[in-house]
Amino acid sequence: METTVSRPSGSAVARALLDAARELFAERGFHATAVNDITKRAGTSVGALYYHFESKDKVYHVLWDEYMRTQEQRTREAVTILREAGVTDSRKLFLAGTRAYLTSAWEHRDIVRLLGDGDSPPGFAAVAAKSGQVWTQMNAKLITLSDPVATQALVAIITGSVGAVCREVAGCAQREAAEELIAKSIEIYSTLLDNFPNS
């Protein structure tokens with residue numbers, strides 16, 4: 001199964017369908033939302049949804065792909081800003097990227113909650129797992145210890161927990177609470193990293 005599905009570009013109809021589906025999936029869940037519900041809210045036809053996306057499952061995958069591309073962009077931007085300022089400490093870069101990732105999770109909390117509730121198309125768990133492996137590999141480039149096995153364990157622990165923190169952040173009622181949780185999480189990650197020597 002492909003891990004990403006690109007959204008048709010330049011189509012107001014496709015965008016309207018995606019926005020409607022995002023709202024309805026967040027309100028009702030994936031399985032409780034019918035194709036007719038999406039097209040009605042988007043103000044278009046069932047045929048338009050099948051033309052642009054082939055199925056409701058594909059709509060879900062596109063929303064996931066958009067979210068993950070946003071997360072990647074936000075993380076990259078945060079790391080780039082520090083690098084351009086002369087920061088070379090890989091751990092500081094990792095923490096900046098993680099803060100950006102968590103902050104973006106708050107801004108897209110409807111998607112995070114949707115993705116975390118398990119109400120997803122068949123086979124989606126494998127797609128999400130593959131994405132997690134990609135993030136683990138990216139983080140492994142910034143977190144390196146003298147012991148390769150310790151590096152593998154630490155990266156797995158941190159990367160896995162970031163997803164859990166995202167869900168906690170998305171569940172916050174107010175932005176202030178989300179920001180406090182993010183700050184505390186970054187503090188904990190920093191303390192954890194400080195307990196392991198660099199390679």
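Predicted, not measured: the structure shown is a model, and the values here were computed from it. Residue indices begin at 1 and follow the sequence shown.
- At a threshold of 4.5 Å between non-hydrogen side-chain atoms, the residues Y51 and V13 do not count as touching.
- Residues satisfying the side-chain contact (heavy atoms from CB on, under 4.5 Å) criterion with R109, sequence neighbours excluded, are W106, R113, A170.
- Across all their heavy atoms, L49 and K56 have their closest contact at CD2-N, 4.2 Å.
- A16 and A42 make their closest contact through O-CB, 3.6 Å (heavy atoms, listed as atom of the first residue, atom of the second, distance).
- The side chain to side chain contact (heavy atoms under 4.5 Å, CB included) with D119 is formed by just one residue from the set F25, Y60, F30; it is F30.
- Nearest heavy atoms, A105 versus V112: O-CG2, 3.6 Å.
- Legend: residues meeting side-chain contact (heavy atoms from CB on, under 4.5 Å) with K184, ordered by chain and number and at least two apart, are E187, I188.
- Within the model, atoms CD1 of I38 and CD of E23 stand 11.0 Å from one another, a figure rounded to the nearest 0.5 Å.
- Taking CD1 of I182 as the reference point, atom SG of C172 lies at 7.5 Å (rounded to 0.5 Å).
- Salt-bridge check for D65 with R69: passed, with a basic side-chain N closer than 4.0 Å to an acidic carboxylate O.
- Applying the side-chain contact (heavy atoms from CB on, under 4.5 Å) criterion to E168, with sequence neighbours excluded, gives L181.
- In this structure, V165 and T98 have side chains that are not in contact, with every pair of non-hydrogen atoms separated by 4.5 Å or more.
- Residue E180 holds its CD atom at 10.5 Å from OG of S185, rounded to the nearest 0.5 Å.
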**Request:** In sequence, state the C-alpha distance, the side-chain angles, and the governing distance for E66 and R22, and then conclude on salt bridge (Lys or Arg N to Asp or Glu O under 4.0 Å).
**Result:** CA-CA 11 Å; E66 287 189 337; R22 177 172 176 166; 5.6 Å; no
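- The minimum heavy-atom distance linking S120 with H31 is given by the pair O-CE1, 3.1 Å.
- Taking a 6.0 Å sphere around CD of E27, one finds it holds more than 12 heavy atoms contributed by other residues, nucleotides or ligands.
- Going from atom CG of L82 over to atom NZ of K92 covers 9.0 Å, rounded to the nearest 0.5 Å.
- A donor-acceptor distance shorter than 3.5 angstrom exists from the side chain of T75 to the backbone of Q71, with no hydrogens or angles considered.
- For E179, the salt bridge (Lys or Arg N to Asp or Glu O under 4.0 Å) partners at least two apart in sequence or on another chain are R175.
- Scanning both residues, L24 and T33, for their nearest heavy atoms gives O-OG1, 3.4 Å.
- Looking only at side-chain heavy atoms (C-beta outward), V87 and I81 stay at 4.5 Å or farther from each other.
- Residues passing the side-chain contact (heavy atoms from CB on, under 4.5 Å) test with E77 are Q73, R74, sequence neighbours excluded.
- Using a 4.5 Å heavy-atom threshold, the side chains of R91 and I143 count as separate.
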Let me have the donor-acceptor pairs involving side chains of residues 155-163, under 3.5 Å, with sequence neighbours excluded, atom names and distances please.
| residue | atom | partner | partner atom | Å |
| --- | --- | --- | --- | --- |
| T159 | OG1 | N139 | ND2 | 2.9 |
| T159 | OG1 | V155 | O | 2.8 |
| S161 | OG | I157 | O | 3.3 |
| S161 | OG | I158 | O | 2.9 |
| S161 | OG | Y189 | OH | 2.7 |

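- Between T39 and S45 the shortest heavy-atom distance is CG2-O, 3.2 Å.
- To the nearest 0.5 angstrom, L17 atom CG is 5.5 Å from T44 atom OG1.
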